[in-house]
Chemist: 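Attaching a single structure in structure tokens format; questions to follow.
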Amino acid sequence: QVQLVESGGGLVQPGESLRLSCAASGMIFAIYTMAWYRQAPGKQRELVAAASPGGSTNYSASVTGRFTISRDNAKNTVYLQMNSLNPEDTAIYYCTARHPLGTGAWGQGTQVTVSS
């Protein structure tokens, strides 16, 4: 079955950077749309960034210019480079995969905390 395992979360200070990784297995990685979502306490789940099989990307307005999603199909891994982090970025970040036929999967999440 499809498995997604996030890593790279942690505690950082405002202005610092962090890179999240999501290792995928049990799927033909290259044909899936990969995305990062996040959910902060008391707030709705939010799509952060997505990367299509063809390599196109899109971002939420709140992270545009600061975050970059990328994928390495040879490694079955998707990344989220997060720069200029601020406390509003504090959330659990989830990796997702969506097959073109509609099936999908979620990772377990990794905590990102931005605090001084």
Side-chain angles (χ1 to χ4, degrees):
Q1 69 276 24
V2 175
Q3 290 186 309
L4 304 172
V5 180
E6 302 98 332
S7 62
L11 172 64
V12 297
Q13 296 186 7
E16 295 184 341
S17 298
L18 208 57
R19 188 177 78 157
L20 306 182
S21 298
C22 173
S25 62
M27 67 191 211
I28 303 175
F29 181 83
I31 70 172
Y32 281 72
T33 294
M34 304 300 297
W36 290 93
Y37 286 78
R38 68 185 181 186
Q39 186 161 27
K43 296 186 177 181
Q44 293 182 260
R45 182 192 67 190
E46 174 188 22
L47 174 64
V48 177
S52 75
S56 64
T57 59
N58 62 275
Y59 301 89
S60 70
S62 62
V63 308
T64 297
R66 299 188 298 121
F67 290 12
T68 303
I69 188 172
S70 61
R71 60 192 297 165
D72 187 335
N73 288 347
K75 295 182 178 180
N76 287 2
T77 301
V78 63
Y79 305 93
L80 185 67
Q81 178 67 46
M82 304 184 292
N83 297 329
S84 301
L85 286 163
N86 59 62
E88 289 68 48
D89 297 315
T90 295
I92 300 175
Y93 284 71
Y94 297 93
C95 176
T96 71
R98 185 176 181 180
H99 190 275
L101 293 180
T103 58
W106 290 71
Q108 81 290 340
T110 185
Q111 177 71 48
V112 172
T113 302
V114 186
S115 176
S116 60

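Position 1 is the first residue of the sequence; numbering continues from there.
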Chemist: Using every non-hydrogen atom in the two residues, find where Thr57 and Ile69 come nearest and quote the distance to one decimal.
Modeler: CG2-CG2, 3.6 Å
Chemist: Restricting to non-hydrogen atoms, name the atom on Gly109 and the atom on Ile92 that form the minimum distance, rounded to 0.1 Å.
Modeler: CA-CG2, 3.9 Å
Chemist: Would you say Leu47 and Asn58 make side-chain contact, with heavy atoms under 4.5 Å?
Modeler: yes
Chemist: Under a single-linkage definition using a 4.5 Å side-chain heavy-atom cutoff for Ile, Leu, Val, Met, Phe, Trp and Tyr, are Phe29 and Leu80 assigned to the same hydrophobic cluster?
Modeler: yes
Chemist: Between Met82 and Asp89, is there a side-chain heavy-atom distance shorter than 4.5 Å?
Modeler: no
Chemist: Is there a path of hydrophobic side-chain contacts, each under 4.5 Å between heavy atoms, that joins Val2 and Tyr94?
Modeler: no
Chemist: Which pair of heavy atoms, one from Ala24 and one from Leu4, lies closest together, and at what distance?
Modeler: CB-CD2, 3.6 Å
Chemist: Distance-only, no hydrogens or angles: does the Ser52 side chain make a donor-acceptor pair with backbone N or O of Thr33 under 3.5 Å?
Modeler: no
Chemist: Shortest non-hydrogen contact from Asp72 to Tyr79?
Modeler: CB-CE1, 4.1 Å
Chemist: State, yes or no, whether a side-chain contact exists between Gln111 and Thr90 at a heavy-atom distance under 4.5 Å.
Modeler: yes
Chemist: Rounded to the nearest 0.5 Å, what separates atom NZ in Lys43 from atom CD in Glu88?
Modeler: 6.5 Å
Chemist: Might you point out which heavy atoms bring Val48 and Tyr37 nearest each other, and give the distance in Å?
Modeler: CG2-C, 3.9 Å
Chemist: Which heavy-atom pair separates Ala51 from Arg71 by the least distance, and what is that distance?
Modeler: O-NH1, 3.1 Å
Chemist: Start with the C-alpha gap between Phe67 and Leu85, add the side-chain angles, then the distance that decides, and say whether side chain to side chain contact (heavy atoms under 4.5 Å, CB included) holds.
Modeler: CA-CA 9 Å; Phe67 290 12; Leu85 286 163; 3.8 Å; yes
Chemist: Quick check: do Pro14 and Asn86 have side-chain heavy atoms less than 4.5 Å from each other?
Modeler: no
Chemist: Quick one: does any side-chain atom of Arg98 pair with a main-chain N or O of Ala35 as donor and acceptor, under 3.5 Å?
Modeler: no
Chemist: Counting only heavy atoms not in Ile28, do more than 12 fall under 6.0 Å of its CD1?
Modeler: no
Chemist: Which of these passes side chain to side chain contact (heavy atoms under 4.5 Å, CB included) with Glu6: Tyr93, Trp106, Trp36?
Modeler: Trp36
Chemist: For the residue pair Arg38 / Ser60, report whether a side-chain donor-acceptor contact shorter than 3.5 Å exists.
Modeler: no
Chemist: Would you say Arg66 has more than 12 foreign heavy atoms packed within less than 6.0 Å of its CZ?
Modeler: yes
Chemist: Can you find a heavy atom in the side chain of Leu11 that is under 4.5 Å from one in the side chain of Ser115?
Modeler: yes
Chemist: Once rounded to the nearest 0.5 Å, what's the spacing between atom OG of Ser25 and atom CD of Gln1?
Modeler: 8.0 Å
